[in-house]
Amino acid sequence: MAFRLHDSLSDAIVPLPERTPGETTVYVCGPTVYGYIHVGNARGPVVFDVLARHLTAQKRKVKYARNYTDVDDKIIAVALANNESPRAVAERFIAAYREEMAALGCRQPTLEPRVSETMPAIVALIVALIAKGSAYATAEGDVYYDVASFADYGKLSKRKFDVQRSEYGRGKSGEGKRAEHDFALWKSAKPHEPEGARWPSPWGEGRPGWHIECSAMTHEHLGDGFDIHGGGPDLKFPHHENEIAQSEPVYGAPMARAWMHHGFIEMDIERNASFAPEVLAVLRADPELRKISKSDRSRLESLKAREAALSDEERALVLIYERKVRFADWFQLRKLREAVDGEAVRYWILGTHYRSPLAFDLGDDPDGAVRFPSIEQAEKRVEYFYDTRQKLTAKLATAKNTTLKTSQFFDEARKAFDAALDDDLNTAGALDPFNKIFARVNELCDAKKTSREELELALEAVAYVTRSLGVAEGDPDAFFARVTGRRIKVRGIDPRDIDALVVARTDARNNRDFARADQIRADLTARGIELRDGASATTWRAV
RNA sequence: GGUGCGGUAGCCAAGUGGCCAGGCAACGGUUUGCAAAACCGUGAUACGUGGGUUCAAAUCCCAUCCGCACCUCCA
């Protein structure tokens, strides 16, 4: 079976587009680097990383570009607030982003273009758009895109032009815009804006609007009519719609041969929250309360400031805002990784088809610790995969050549795995053969007689599927060191204490003092330490 | 109002006409000093509801209920 995917523009399942035979060109809108990302921001990179991995595994050449928006109003705002340069802010958060991506098991894209390094192409594109009659400059030195000039405007988001004109758009009169829905291609520099945030142009100093960069960068790095353009669902409109409007009049249509949009990771504060009925009533009465907002923290603080004088409803609001603030904190990927491993987050994301919404769930332990039931479950599973890989390596080290026949099992599982990924990147479906491969490996490792040839097939299959998914492909020892290290750190456990207790228990067992041995084990279990009595030694792990 | 998505076992989640998804939890077994881990097995009618088409429907059609998301800079 050949790869096919859901194209958001035609809203149909289409064959893999192929501008150049054997090669796939992919562009994904990357982050605006003004702060740390949240879990929702992680879904796209993970999904498109699997796309690139899978197509590479199919022997295709993949050219995958993901940009950094390192010139933006929000970056300037952070720079002004921190009294540092916009450049420094961008560099700091690009470094942080790369670190997060590595933790999620995302390979570095082939290309990581930046807005700041694409200025000549951006200016050239704007000049071309003005020449084509698609854009106009104002007396203030701004340039706007003339939406009315592009007949196809709205084709991606299936939005009606007239509806948008009458009901949306927030442009203010006096801005120099001809129509409310026209959007900025070039913004003139304002006096208060710092150095490093302005570039020369035919319209005076300024910086590009948000959308133009992607049109210029795809043209520059992938060429026109490249294969797949990906991104989040919220980018569909206006960002991708505007990209199409900017690219197609100048570079020719289509901008991309297929569009892939993934689903959101959703935070529902009602879910898993054990609110009292009267609190729930308040929550349900106002839909806005269910959404996380930046102003939640200040609302909470202002309510708390007059704690004594609160009405019942306001007390309910305090509980709701506390939950929202807590939720928002843990939604940040950096924070979340204090509780769960990045690889677990990745596996959790891949457990749901990329176009479906994915619920972020979190709960409270009786002891006050925060729990992430779904992601923790995923983490247990990743541990199992690494465990299995360790067992396989150990088994292979001692396995002897045999004359036993090898089976078709791993070959068939790999085929099923690839078939699922070929079908619009159905990672959740691919987890079936993925899991079966690991179960089979364990079975082989536990068997008394196993053929070396079969174990080698197993090793090959495991390497293949872990590489395609980017899950459990690393060094098992490093993984367990990382995960156990994090857990004992959180609980304030000294590993040397555990080692000593394990030795004491082994001594007791050797003396057949099972009562004492079991007592030690029970104590360790209570501290979240799991013991494994192997053939030669007892090992332990924090769970 | 516009655009789109969904309701599958205790929970999560694939599956778009006939045949086993998978994972977690539960229970039983193998193994073990006993456990854990691992493996195997079990879950008589899992497909929101009501009709219809068909030899055959979770899957197609009609109706209906419920839920969710997005709609100018948030992936």
Side-chain angles (χ1 to χ4, degrees), chain A residues 8 11 28-32 35 37-48 69 72-74 154 156-160 163-164 166-171 180-184 209-211 230-239 241-242 261-266 268 287 290-294 347-348 351-353 355-359 361 373-374 376-378 380-381 383-384 387-388 391 416 420 423 426-436 438-447 509 512-515 517-518 521-522 524-525 529-534 538-541 543:
Chain A
S8 317
D11 197 26
V28 174
C29 295
T32 301
I37 62 167
H38 57 67
V39 198
N41 296 312
R43 193 174 194 182
V46 167
V47 164
F48 294 111
T69 298
D72 184 85
D73 293 358
K74 284 184 281 194
L156 178 65
S157 55
K158 279 88 182 166
R159 230 163 273 255
K160 298 270 192 308
V163 172
Q164 199 210 335
S166 58
E167 290 182 20
Y168 301 98
R170 53 169 197 183
E180 285 185 343
H181 44 269
D182 290 354
F183 55 91
W210 176 38
H211 316 292
D234 51 342
L235 294 183
K236 213 168 178 182
F237 185 86
H239 188 240
E241 197 74 69
N242 291 352
H261 291 97
H262 62 258
F264 277 114
I265 291 180
E266 295 165 0
D268 184 341
R290 304 184 66 165
K291 296 175 185 167
I292 308 292
S293 133
K294 289 195 180 83
Y347 185 68
W348 167 71
T352 299
H353 185 95
R355 285 192 281 122
S356 298
L358 173 54
D361 59 337
S374 307
E376 284 173 27
Q377 184 180 315
K380 286 262 179 288
R381 214 47 206 163
E383 287 176 64
Y384 162 84
D387 256 331
T388 306
K391 271 168 80 172
D423 183 13
N426 186 355
T427 53
L431 256 30
D432 175 0
F434 189 88
N435 280 298
K436 281 179 177 159
F438 281 87
R440 175 79 173 154
V441 169
N442 272 300
E443 200 185 334
L444 287 174
C445 290
D446 291 347
R509 287 181 74 211
R512 302 198 65 80
D513 181 358
F514 292 121
D518 290 351
R521 183 174 63 197
L524 286 172
T525 303
I529 303 297
E530 179 183 284
L531 297 185
R532 295 193 184 180
D533 292 333
T538 296
T539 56
W540 64 269
R541 233 168 242 170
V543 291

**Prompt:** Looking at residues at least two apart in the chain, or sitting in another chain, which of them share a side chain to side chain donor-acceptor pair (under 3.5 Å) with Thr538(A)?
**Reply:** Asp533(A)
Quick check on [N]: is either OP1 or OP2 less than 4.0 Å from any side-chain nitrogen or oxygen of [X]?
{"X": "Asn426(A)", "N": "G15(B)", "answer": "yes"}
{"X": "Asn442(A)", "N": "A38(B)", "answer": "no"}
{"X": "Arg381(A)", "N": "C24(B)", "answer": "yes"}

**Request:** Answer with base, sugar-phosphate or nothing: what part of the nucleic acid does Ala439(A) contact at a heavy-atom distance below 4.0 Å?
**Result:**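 Answer is sugar-phosphate: Ala439(A) comes under 4.0 Å of backbone atoms only.
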**Request:** Could you tell me whether Asp234(A) contacts a base, only the sugar-phosphate backbone, or nothing, with contacts defined as non-hydrogen atoms closer than 4.0 Å?
**Result:**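 Base: the residue Asp234(A), judged by heavy atoms under 4.0 Å, touches a nucleobase.
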**Prompt:** For Arg43(A), which residues count as a salt bridge (charged side-chain N to carboxylate O under 4.0 Å, His left out) partner, sequence neighbours excluded?
**Reply:**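 Arg43(A) satisfies salt bridge (charged side-chain N to carboxylate O under 4.0 Å, His left out) with no residue once adjacent residues are dropped.
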**Request:** Please identify each residue that fulfils salt bridge (charged side-chain N to carboxylate O under 4.0 Å, His left out) with Arg541(A), with sequence neighbours left out.
**Result:**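 Checked Arg541(A) against salt bridge (charged side-chain N to carboxylate O under 4.0 Å, His left out); matches are Asp387(A).
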**Asked** Less than 5.5 Å between centroids and less than 30° between ring planes, does Phe264(A) satisfy that with A75(B)?
**Response** no
**Complete:** Sorted by chain and residue number, the ring-ring contact (aromatic ring centres under 6.0 Å, His included) partners of Trp210(A) (sequence neighbours excluded) come out as His239(A)
**Request:** Taking ring-ring contact (aromatic ring centres under 6.0 Å, His included) as the test, write out the residues that go with Tyr347(A), two or more places apart.
**Result:** Phe385(A)
**Asked** So what's the dot-bracket for RNA chain B: Watson-Crick or G-U pairs under 3.5 Å, [ ] if a pair crosses, | if it pairs off-strand?
**Response** ((((((((.[[[..)..(...]]].(((((.......))))).....[[[[[..)....]]]]])))))))....
